[in-house]
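Here the structure comes first, spelled out in structure tokens, and everything after it is commentary.
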Amino acid sequence: MVREQYTTSTEGTPIERPENQCVYKIGIYGWRKRCLYLFVLLLLIILVVNLALTIWILRVMWFSPIGMGHLHVTNDGLRLEGESEFLLPLYAKEIRSRVDSSLLLQSTQNVTVNARNSEGEVTGRLKVGPKMVEVQSQQFQINSKDGKPLFTVDEKEVVVGTDKLRVTGPEGALFEHSVETPLVRADPFQDLRLESPTRSLSMDAPRGLHIKAHAGKIEALSQMDIIFQSSDGMLVLDTETICLPKLVQGTWSPSGGPEGLYEICVCPDGKLYLSVAGVDTTCQEHSHVCL
């Protein structure tokens, strides 16, 4: 241990220094000094490399005061220009394209858009897959430009709000259950066919049923019976000529009527048959046709 001695004296008094005085050098010498310089040099190299990497990242990612690359930060939100790829789900309140371009959502598998409530449950889903477009919601609706509903689907019914529903398929439209519509019409110069291949075809109207063919004929074909029924009223056949070419002819009655004239007779069950006309009626209540 080195002991330091302090001597006080007055002015003009000579001071004698001790003979054995030790001199100490201040600083780091030897291998410690070399290690310190090497450590400082290493820190300097790391600092320069980090600065160079930061500048390179800013250069590659196109950082600018208004955003990063094609991503610009505006007052209305974020704006992307060009094609962008999202590897994870994207959460946004509104997505819209530029005024002069369309919005394209593209995926190698499918594109799914989900709507969730405040609890995180999915309330609506639109899934566009490679083979099918699937919509999961309580109601699906397509509106026009002015907000008029054109097509609405829910669990109970399907509503088509357009003025005209056109079916252009060669096989027409297939309905497994009843159809309610005020008008069924074919295109000009095309035939209108209402057909039930294996079951019956029924047309009901509370205030009348109108079947019109302005430039052709009306033909009704059935494997069994064709029934025209009116619950409150009568059946009117208003035409110049009524042809029943396949009516059965009944037994001739020797009443001596005009040759070539026939009378239409009705059986109790409603069956029609022909009988040679005479001065009086030649219809027989118990004709062999009615039996």
Side-chain angles (χ1 to χ4, degrees), residues 102-103 111 113 124-248 262 264-267 269-274:
S102 60
L103 178 62
V111 177
V113 180
R125 174 177 296 172
L126 173 63
K127 182 179 180 180
V128 181
K131 295 183 180 180
M132 183 178 62
V133 177
E134 180 181 352
V135 178
Q136 180 181 351
S137 179
Q138 296 181 355
Q139 183 178 9
F140 176 74
Q141 182 170 327
I142 300 177
N143 298 331
S144 61
K145 293 181 179 179
D146 54 354
K148 178 182 177 182
L150 301 178
F151 183 76
T152 305
V153 179
D154 56 18
E155 296 180 355
K156 297 182 179 179
E157 61 181 1
V158 177
V159 179
V160 180
T162 58
D163 297 333
K164 181 185 296 185
L165 175 63
R166 183 184 300 272
V167 180
T168 59
E171 298 296 331
L174 176 63
F175 301 96
E176 297 183 357
H177 301 284
S178 61
V179 179
E180 181 178 353
T181 176
L183 176 63
V184 179
R185 181 176 60 187
D187 289 337
F189 307 104
Q190 299 291 333
D191 295 335
L192 175 62
R193 297 178 57 187
L194 301 178
E195 182 179 355
S196 179
T198 58
R199 302 295 295 273
S200 62
L201 177 62
S202 175
M203 293 183 291
D204 301 328
R207 299 188 60 183
L209 180 65
H210 300 274
I211 303 176
K212 297 181 181 180
H214 297 285
K217 63 180 180 179
I218 296 176
E219 183 178 356
L221 301 176
S222 175
Q223 185 69 23
M224 298 180 65
D225 299 333
I226 298 178
I227 301 176
F228 295 94
Q229 181 179 0
S230 176
S231 59
D232 186 11
M234 58 182 177
L235 178 64
V236 178
L237 302 177
D238 186 4
T239 180
E240 294 181 358
T241 304
I242 298 178
C243 297
L244 303 174
K246 294 185 179 181
L247 285 182
V248 182
Y262 292 90
I264 298 178
C265 302
V266 183
C267 296
D269 59 355
K271 185 182 297 184
L272 301 179
Y273 68 94
L274 293 178

Would you please test Glu195 and Leu221 for side chain to side chain contact (heavy atoms under 4.5 Å, CB included) and show each step? CA-CA 9 Å; Glu195 182 179 355; Leu221 301 176; over 6 Å; no
Would the distance check show the side chain of Ser137 and the main-chain N or O of Phe140 forming a donor-acceptor pair, the cut-off being under 3.5 Å? no
I'd like to know if the side chain of Ser222 and the backbone of Ile226 have a donor-acceptor N/O pair within less than 3.5 Å. no
Are any of the side-chain heavy atoms of Leu150 and Asn143 separated by less than 4.5 Å? no
Within the 4.5 Å heavy-atom criterion, are Gln136 and Leu126 side-chain neighbours or not? no
Tell me which donor-acceptor pairs under 3.5 Å the side chains of residues 156-170 have, and how far apart each pair is, sequence neighbours excluded?
| residue | atom | partner | partner atom | Å |
| --- | --- | --- | --- | --- |
| Thr162 | OG1 | Lys164 | O | 3.2 |
| Arg166 | NH1 | Asp187 | OD1 | 2.8 |
| Arg166 | NH1 | Asp187 | OD2 | 3.3 |

Verify side chain to side chain contact (heavy atoms under 4.5 Å, CB included) between Val153 and Gln141, making sure each step is shown before the conclusion. CA-CA 6 Å; Val153 179; Gln141 182 170 327; over 6 Å; no
Heavy-atom count around Gln139 CD within 6.0 Å, excluding the residue itself: above 12? yes
Which distance, rounded to the nearest 0.5 Å, do you find between the SG of Cys265 and the CG of Leu274? 8.0 Å
Quick one: CG on Asp191 to CZ on Arg193, what's the gap to the nearest 0.5 Å? 8.5 Å
Minimum heavy-atom distance Leu192-Val184, with the two atoms named: CD2-O, 3.6 Å
Ile211 to Met203 - nearest heavy-atom pair and separation: CD1-CE, 4.1 Å
Can you list the residues that meet the side-chain contact (heavy atoms from CB on, under 4.5 Å) rule with Lys145, with sequence neighbours excluded? none
Report the residues that fulfil side chain to side chain donor-acceptor pair (under 3.5 Å) with Asp225, sequence neighbours left out, ordered by chain and then residue number. none
